[in-house]
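Basis for what follows: all heavy atoms, side chains included, without hydrogens, waters or symmetry-related copies. Please read these numbers as outputs of a predicted model, since none were measured by experiment.
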Amino acid sequence: MSNPKRIHPVGVILSFISMVKSYIIPAILFFYVGDNESIKLYLIIGVVTIVVLLVITSVLSWYKFTYWVEEGEFRIEHGVFVRKKRYIPIERIQTINVSAGIIQQLFRLVKVQIETAGGGVEAEALLTAISKTEAERIQQTLTNYKQQQTVDLHNEEIQVEEKQVPTYKMSKKELLVAASTSSGIGVIISAIVAFLSQIDEFIPYDFIFDQFDFLTSASFTLYAILVCIGLFLAWIVSIIGVLLKYAYFTVRNVEDELNISRGIFEKRQTSIPISRIQAIRIVQNPIRQWLGYSTVYIESAGGSIGDENGSSTILFPVILKKDVTKILAEFIPGYPVMEETTKLPARSWKRYIIRKCLITLIIITPVSFLLFPLGLLSLLLLIGGFYWGHASFKDAGLRIRENQLQITYRFLSKTTVLLRKNRIQSMNQHTSLFQRKQDLATLKVAIKSGIMGKSFFVKDLERTDAEEVVRWYSYSKTKG
């Protein structure tokens, strides 16, 4: 790959679409704001001129964009008027994300994003349209450089195919559980509300109200039924979205690198070196916890803001909780899940109950006033807040074993984080005025994840337990 190459000519179309997105909203606004016909005429002429310039710029951008691998670097040269060069040392490359949108799939192409450990607002390198064979060749070439191999590329690919590698394929049952228990319904409802707010002026409310004027005299029961139907439809849409997103979900451990692929319409493939993993996160939302399932994430260094997953990547969308330790040992050795943990002292229970009930009260108070007197029924949710606080207290805890720290906490979902001592960036113990009176403390652990880092908290620990964890970490630093 030492000879400069260009991406597929379809890149011209993708570049043009990307540029048009920057101008489409202002163009629509000017078109509707301008009532004068002469202004609209000049606007149309201006739009046509801009489109022609965008087409020319897209073609030149494609023609000037070249990439190749040379001397242990992934090199890119681009720029129409100003020539730019970007040389990325291969040892800094953390992940290679391969995806295919609708346009790429029409031409049997893929998009490749190359990200480094340092991360940034955007991916370090982006190849918008190349063949699948070319993408595989890039991945294999970078892997060979990292491993300092001189074996012929074709022979290396054959060896990889023949070698038995750990492989996980999501079953149909797991896919159905993931779809039916996801939190996507909230995203769907939020998206609908956001969309309607953007086209508010174009919705014929009068016509709609005339068609459904019988609802003005409808009973509360009918409104409740309609709301339930709406939520059910949103749930169905959420299920379909998850099914399409995680269909054919596969994980393979190839030479200490996790290759994760999934999707139907938008096929995505991500490669993450195991050496870049900073922590393992096991999450159980209430429904999945009740069913005995969990979701496993890996936290890795690097990533970019534009990346869909950022620093957190789903390793197993849904897997039986009792199988997590076994399957982690197969794919990422050295992260055992410890069932027994050091729990919080009994005097912390009241603090958790008060915090969660206050949050619940803040949420339901406006409802109580706006829908008075029926809104007063929402006060019954305080029972849920009480249970929420009790569950958060019951689940929280930590455990140290050799060079691994395991912390567990709950906001809505129960989260267990597995951290290796040498991956922890910082740790501190905090004691507030009220905690000091009860000899309690909060432990904060930070890791290098993404471009901003990530922190995990366990509140209201026994102060001596928090101090023991800090000493465990500090000892490694002083002896380091």
Side-chain angles (χ1 to χ4, degrees), residues 1 69 72 74 88-100 110-117 123-125 127 130-171 174 246-263 266-280 296-303 307-309 311-317 319 323-335 418 420 423:
M1 290 193 61
V69 176
F74 188 88
I88 308 169
I90 292 178
E91 61 269 14
R92 289 187 58 235
I93 294 177
Q94 178 206 348
T95 59
I96 302 174
N97 298 328
V98 181
S99 60
V110 295
K111 177 176 70 174
V112 175
Q113 291 177 283
I114 296 177
E115 298 174 351
T116 61
E124 196 74 23
L127 309 179
I130 61 175
S131 66
K132 294 181 181 179
T133 303
E134 178 67 10
E136 292 172 357
R137 185 177 292 113
I138 291 174
Q139 289 180 306
Q140 193 61 54
T141 300
L142 298 183
T143 300
N144 289 344
Y145 266 100
K146 288 182 179 181
Q147 298 176 347
Q148 297 181 345
Q149 294 177 344
T150 57
V151 182
D152 179 75
L153 177 60
H154 179 69
N155 293 335
E156 180 65 18
E157 290 178 347
I158 294 177
Q159 290 176 7
V160 172
E161 289 297 326
E162 292 179 348
K163 182 180 177 181
Q164 294 295 325
V165 298
T167 302
Y168 161 83
K169 292 185 178 181
M170 193 175 187
S171 67
E174 290 173 333
Y246 291 112
Y248 306 112
F249 191 96
T250 305
V251 182
R252 302 175 72 233
N253 186 341
V254 182
E255 299 177 352
D256 295 328
E257 186 172 82
L258 297 175
N259 294 333
I260 304 172
S261 58
R262 50 88 172 170
E266 185 179 3
K267 299 179 181 179
R268 297 184 67 87
Q269 180 176 331
T270 303
S271 299
I272 303 177
I274 292 179
S275 60
R276 297 290 185 182
I277 295 176
Q278 307 296 304
I280 305 293
V296 180
Y297 296 81
I298 52 179
E299 303 290 343
S300 58
D307 184 21
E308 177 185 350
N309 298 316
S311 59
S312 297
T313 302
I314 291 182
L315 182 61
F316 306 115
I319 188 172
D323 295 337
V324 170
T325 297
K326 177 182 176 182
I327 199 166
L328 278 180
E330 185 178 4
F331 285 86
I332 314 175
Y335 286 93
L418 310 178
R420 304 292 295 176
R423 295 298 187 184

Derivation of the side-chain contact (heavy atoms from CB on, under 4.5 Å) call for Ile314 and Ile298: CA-CA 6 Å; Ile314 291 182; Ile298 52 179; over 6 Å; no

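- Contacts of Tyr297 classified as ring pair (Phe, Tyr, Trp, His ring centres under 6.0 Å), with partners at least two apart in sequence or in another chain: none.
- No donor-acceptor pair under 3.5 Å is formed between the side chain of Glu136 and the backbone N or O of Thr133.
- Taking the side-chain contact (heavy atoms from CB on, under 4.5 Å) definition, one finds that Thr250 meets it with Thr167, Lys169, Arg252, Ser261, sequence neighbours left out.
- Annotation: side chain of Leu315 is in contact with side chain of Leu328 (closest heavy-atom distance under 4.5 Å).
- Across all non-hydrogen atoms, the minimal contact from Phe331 to Ile274 is O-CD1, 3.5 Å.
- Residue Glu257 holds its CD atom at 7.5 Å from CD of Gln139, rounded to the nearest 0.5 Å.
- Nearest heavy atom pair, residue Gln278 against residue Arg423, reads O-CB, 3.5 Å.
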Test side-chain contact (heavy atoms from CB on, under 4.5 Å) applied to Phe249 and Ile260, step by step: CA-CA 7 Å; Phe249 191 96; Ile260 304 172; 3.6 Å; yes

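- Interatomic distance, CD of Glu299 versus CG of Leu418, reported as 11.0 Å (0.5 Å rounding).
- Rounding to the nearest 0.5 Å places CG of Leu127 at 5.5 Å from CD1 of Ile114.
- Heavy atoms only, all atoms of each residue included: Gly334 and Arg420 are closest at O-NH1, 3.0 Å.
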Test side-chain contact (heavy atoms from CB on, under 4.5 Å) applied to Ile138 and Val69, step by step: CA-CA 9 Å; Ile138 291 174; Val69 176; 5.8 Å; no

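- Under the 4.5 Å side-chain criterion, counting only non-hydrogen atoms from C-beta, Ile277 is in contact with Leu258.
- Looking at Asn253, its side chain never comes within 3.5 Å of a backbone N or O of Pro166 through a donor-acceptor pair.
- Shown here are the side-chain contact (heavy atoms from CB on, under 4.5 Å) partners of Ala135, two or more places apart in sequence or in another chain: Val110, Val112, Ile130.
- Shown here are the ring pair (Phe, Tyr, Trp, His ring centres under 6.0 Å) partners of Tyr168, two or more places apart in sequence or in another chain: Phe316.
- For Asn259, the side chain to side chain donor-acceptor pair (under 3.5 Å) criterion is met by Ser271, not counting sequence neighbours.
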